[in-house]
Amino acid sequence: MRRILITAGPTREHIDPVRFISNHSTGEFGYEIAKEAKERGCLVTLVSGPTALKAPKAVRLITIESAIAMRRAVLKEFPKSDCVIMTAAVSDWRVLSIAKKKIKKRRNKNMVLELVENPDILKELGGMKKKDKILVGFSLETEDLEKNAARKLKEKNLDLIIATRLKAGSTVFGNSNIDILMIDRFGKRANVCHKSKRELAKIILDRVEEFGL
Ligand code: CTP
């Protein structure tokens, strides 16, 4: 049976017991891909950050919060997977030291948080990738969409990257109809316009199946 590992949603990087840093990811893209992969008969593991979505039926759901926890779960599942699709909006940074108690505001003082870089999970997988595994990344850009996506595809040793443009004043997060650019490892490019995430999940999995899944 074909085994597919999908990541979805945001990560949460804690500051103290009541606060965190995160992003607007809804997780919808990853959940749609997980449902579609299940319908195609795959064994699906979904590693998800916090979302408001219902767990897809008959999909193994692993919930995590931080990027470090997502990395741990993904590395554990990676050897058993034929394909990994990383839709998650992994926070690029985490707080250097998480306060054990709620940080109190101090009068007349600015708050400075020291952040450290999180591990790049997908890049790590790319470094360990064997020929028979298929690796798919996502790329959300506000500028130079094609150039940045092509660079990430190469740097992370991916088979396919799905790039989306975040237009000024709008948000791709939660939007129902979006445009994507797909670039594969052979440099083949395809623009897919104005489709729902449900429709895009099918198109992306069709492409992944062409890679031999
Ligand atoms: N990704 C990851 N680990 C990270 C950051 C990103 O695995 N720490 C994955 C995402 O899940 C996505 C891809 O890498 O599939 C690209 O993520 P993106 O945030 O667009 O790119 P970055 O590598 O963070 O590059 P930049 O900050 O230059 O946009």
Side-chain angles (χ1 to χ4, degrees), residues 4-14 20-34 37 44-51 62-79 81 83-96 115-129 133-168 171-173 175 178-185 197 200-201 203-205 207-208 211:
I4 186 162
L5 174 63
I6 298 163
T7 67
T11 64
R12 271 184 192 174
E13 309 301 329
H14 286 267
F20 57 81
I21 298 170
S22 193
N23 57 65
H24 288 296
S25 171
T26 62
E28 204 188 319
F29 226 143
Y31 278 59
E32 287 300 343
I33 295 173
V44 184
T45 300
L46 179 61
V47 176
S48 176
T51 73
I62 301 173
T63 53
I64 51 84
E65 286 211 340
S66 66
I68 295 290
M70 178 170 281
R71 174 180 177 272
R72 199 180 307 126
V74 166
L75 290 185
K76 192 168 167 222
E77 297 303 316
F78 185 60
S81 310
C83 172
V84 182
I85 304 183
M86 288 268 320
T87 77
V90 183
S91 171
D92 285 323
W93 302 277
R94 67 179 180 279
V95 176
L96 176 64
L115 304 179
V116 287
E117 207 177 348
N118 267 329
D120 189 322
I121 306 167
L122 193 53
K123 195 170 180 179
E124 216 171 320
L125 300 184
M128 304 187 307
K129 187 167 91 86
K133 283 199 198 291
I134 302 163
L135 217 51
V136 182
F138 273 64
S139 171
L140 181 62
E141 308 291 344
T142 51
E143 60 214 324
D144 296 331
L145 178 89
E146 189 162 349
K147 199 171 123 216
N148 285 328
R151 175 180 51 81
K152 287 176 195 175
L153 175 93
K154 209 165 161 224
E155 279 177 6
K156 303 192 190 202
N157 191 23
L158 308 178
D159 296 292
L160 184 67
I161 193 154
I162 317 298
T164 343
R165 193 187 310 276
L166 187 66
K167 291 183 194 114
T171 171
V172 104
F173 295 115
N175 265 13
I178 54 174
D179 305 341
I180 60 163
L181 166 70
M182 294 197 282
I183 311 178
D184 73 14
R185 65 162 186 255
K197 287 176 183 166
L200 289 172
I203 293 166
I204 292 164
L205 282 174
R207 197 73 193 84
V208 168
F211 272 100

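On a predicted model such as this, the values are computed, not experimentally measured, just so you know. We number each residue from 1, following the sequence as shown. One-based numbering, in listed order, for ligands and for the atoms of each. All heavy atoms count here, side chains included; hydrogens, waters and symmetry mates do not.
When each atom of ligand 1 is checked for a heavy atom of Leu140 under 4.0 Å away, the hits are 20 (O). Less than 4.0 angstrom separates some heavy atom of Arg151 from each of these atoms of ligand 1: 28 (O). Under a 4.0 Å criterion applied to the non-hydrogen atoms of Ser139, ligand 1 contributes the atoms 20 (O).
Pro119 approaches Glu124 most closely through the heavy-atom pair CB-OE1, 4.2 Å.
Considering backbone and side-chain atoms alike, Leu122 places an N or O below 3.5 Å from some N or O of ligand 1. Geometrically, ligand 1 and Lys156 share a nitrogen or oxygen pair separated by less than 3.5 Å. The shortest N or O to N or O distance between Met86 and ligand 1 is below 3.5 Å.
The distance from the CD atom of Glu77 to the CG atom of Leu125 is 12.0 Å, given to the nearest 0.5 Å. Atom-to-atom distance recorded for Lys123:NZ and Leu135:CG is 13.5 Å, nearest 0.5 angstrom. Taking CG of Leu200 as the start and CD1 of Ile180 as the end, the distance is 4.5 Å to the nearest 0.5 Å. Note that CD1 of Ile161 and CE of Met182 are 12.5 Å apart. Values are rounded to the nearest 0.5 Å. The CZ atom of Arg72 lies 12.0 Å from the CD1 atom of Ile62; values are rounded to the nearest 0.5 Å. Note that CD1 of Ile121 is 8.0 Å distant from CZ of Arg71, once rounded to the nearest 0.5 Å.
In this structure a side-chain-to-backbone donor-acceptor pair under 3.5 Å is present from Ser22 to Thr11.
The nearest protein atom to atom 3 (N) of ligand 1, hydrogens excluded, is given as Ile121 N, 3.1 Å; this is a heavy-atom distance. Of all protein heavy atoms, the one closest to atom 13 (C) of ligand 1 is Phe138 O, 3.1 Å. The protein non-hydrogen atom at the shortest distance from atom 25 (O) of ligand 1 is Lys152 CE, 3.4 Å. In terms of protein heavy-atom proximity, atom 27 (O) of ligand 1 is closest to Asp92 OD2, 3.5 Å.
Lys197 forms no cation-pi arrangement with Tyr31, by the criterion of a distance under 6.0 Å to the ring centre and an angle within 45° of the ring axis.
Within a 4.0 Å radius of atom 20 (O) of ligand 1, the protein has at least one heavy atom.
Heavy atoms of Pro119 approach ligand 1 to within less than 4.0 angstrom. Within the 4.0 Å heavy-atom shell around ligand 1 one does not find Arg94.
For the residues Thr142, Val84, Asp120, Val136, the heavy atom positioned nearest atom 2 (C) of ligand 1 is part of Asp120. Considering Ala88, Ala67, Gly137 only, the shortest heavy-atom separation from atom 10 (C) of ligand 1 involves Ala88.
The pair Lys156-Asp120 meets the salt-bridge criterion, since a charged nitrogen lies less than 4.0 angstrom from a carboxylate oxygen.
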